[in-house]
There are 2 protein chains.
Amino acid sequence: MNAPIFQRSHSIRDLAREFGITTRTIRFYEEAGMLNPARDGTTRVYSDQDRVKLKLILRGKRLGFSLSESRELIDMYEPSSNNLKQIKALHDKIEQRREALQRQLNDIRIMEKELDEAEERCIAAIQELKRA
Amino acid sequence: MNAPIFQRSHSIRDLAREFGITTRTIRFYEEAGMLNPARDGTTRVYSDQDRVKLKLILRGKRLGFSLSESRELIDMYEPSSNNLKQIKALHDKIEQRREALQRQLNDIRIMEKELDEAEERCIAAIQELKRA
DNA sequence: CTGCAGATTGACGTTCACGTAAACGTAATG
DNA sequence: CATTACGTTTACGTGAACGTCAATCTGCAG
């Protein structure tokens with residue numbers, strides 16, 4: 001009767017603990033229409049899919065995306081639409097996101113280089129102080 | 001009497017135009033203590049160094065850093081301190097930033113992969129609709 | 001049954017990152 | 001000289017992303 005390795009459902013508290021956020025935050029994402037957990041009575045019950053969505057939102061956040069941008073990302077996982085025009089619009093958004101990521105990647109590379117230089121100056125300053 | 005290629009000073013409007021932000025934003029960054037432009041009378045005069053700082057702030061923004069985090073990044077460029085302890089603390093922060101960037105880099109890689117998959121599903125859906 | 005931990009729904013508060021507007025100075029231009 | 005363009009400070013407004021608190025409702029251990 002151990003806990004199953006692959007849980008199919010999670011409580012709001014479990015998810016909050018797992019991702020290091022508060023339950024308020026999770027409920028807020030639901031208010032924003034990004035999560036639709038099932039209910040056991042009034043209590044929210046989160047599926048593995050809900051967990052994945054939450055993960056996507058948080059990763060988006062780490063990358064500096066707004067919640068509505070993250071929602072776009074989530075929507076890309078459900079080509080539920082059967083409207084060609086909508087799907088093409090989605091495809092465009094995917095390309096836009098990809099380009100945004102490329103820009104970020106570039107920023108990161110530049111910033112890493114600059115951190116390297118900053119570190120060198122730092123180390124040099126330490127050496128200088130040691131000799132003085 | 002042409003404009004010099006390397007300007008030593010810039011007006012607030014020039015910078016705003018160059019970076020696609022408003023003058024209000026630039027003044028706000030000054031309020032936050034991240035820029036200290038010289039003054040010609042009351043008018044702000046920005047040096048090339050100020051311009052670089054602004055660039056750093058905006059790059060930080062694109063990477064999802066808060067303004068105070070960006071300020072930390074800026075501080076790394078001026079090992080003005082001659083206090084060994086402070087320099088070492090700075091060095092630590094540089095390492096922390098580097099690790100944060102690594103996490104971001106990882107997030108980006110994952111997200112790119114997921115965008116690839118989303119695109120595939122998208123294309124598949126389009127094909128499907130074409131045959132129907 | 002009692003009590004208490006943990007869930008829920010409002011509703012209001014807060015911080016960040018600016019926007020917006022008012023009131024004013026200054027310099028060039030027609 | 002009047003207008004236009006740009007600059008300044010001061011102050012209040014705003015949207016996003018939650019925090020906090022109160023009131024209420026479960027479920028269950030003792």
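Everything numeric here is computed off the predicted structure, so don't read it as measured data. Every chain is numbered from 1 and lettered A, B, ... according to where its sequence line falls, protein lines coming before strand lines.
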OP1, OP2 of [N] versus side-chain N and O of [X]: anything below 4.0 Å?
X     : N      : result
A:Y29 : D:dA17 : no
B:K61 : C:dA17 : no
A:T25 : D:dA17 : no

Measure CD1/B:I26 against P/C:dG19 and give the value in whole Å, please.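 That distance rounds to 11 Å.
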To the nearest Å, how far apart are A:F19 CZ and D:dA17 P?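 In whole Å, D:dA17 P lies 19 Å from A:F19 CZ.
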Quick one: closest heavy-atom pair of [X] and [Y], and the distance?
X      : Y      : value
B:R97  : A:L115 : CB-CD1, 3.9 Å
A:V45  : A:S9   : CG1-CB, 3.6 Å
B:M111 : A:L101 : CB-CD1, 4.0 Å

For every nucleotide of nucleotides 4-16 of chain D, 5' to 3': is a protein heavy atom under 4.0 Å from its base (B), only from its sugar-phosphate (S), or from neither (-)? --SSBB-B-----
Lys/Arg N to Asp/Glu carboxylate O, A:E95 vs A:R98, below 4.0 Å: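 Answer for the salt bridge query: yes.
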Ion pair A:K55/B:E114, N-O distance below 4.0 Å: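 No.
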Give one of base, sugar-phosphate or nothing for A:T22, where a contact means two heavy atoms less than 4.0 Å apart.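 Sugar-phosphate: the residue A:T22, judged by heavy atoms under 4.0 Å, touches backbone atoms but no base.
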Examine distances only and state if a side-chain atom of B:Q104 and a backbone atom of B:L63 form a donor-acceptor pair shorter than 3.5 Å.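 At least one qualifying donor-acceptor pair exists.
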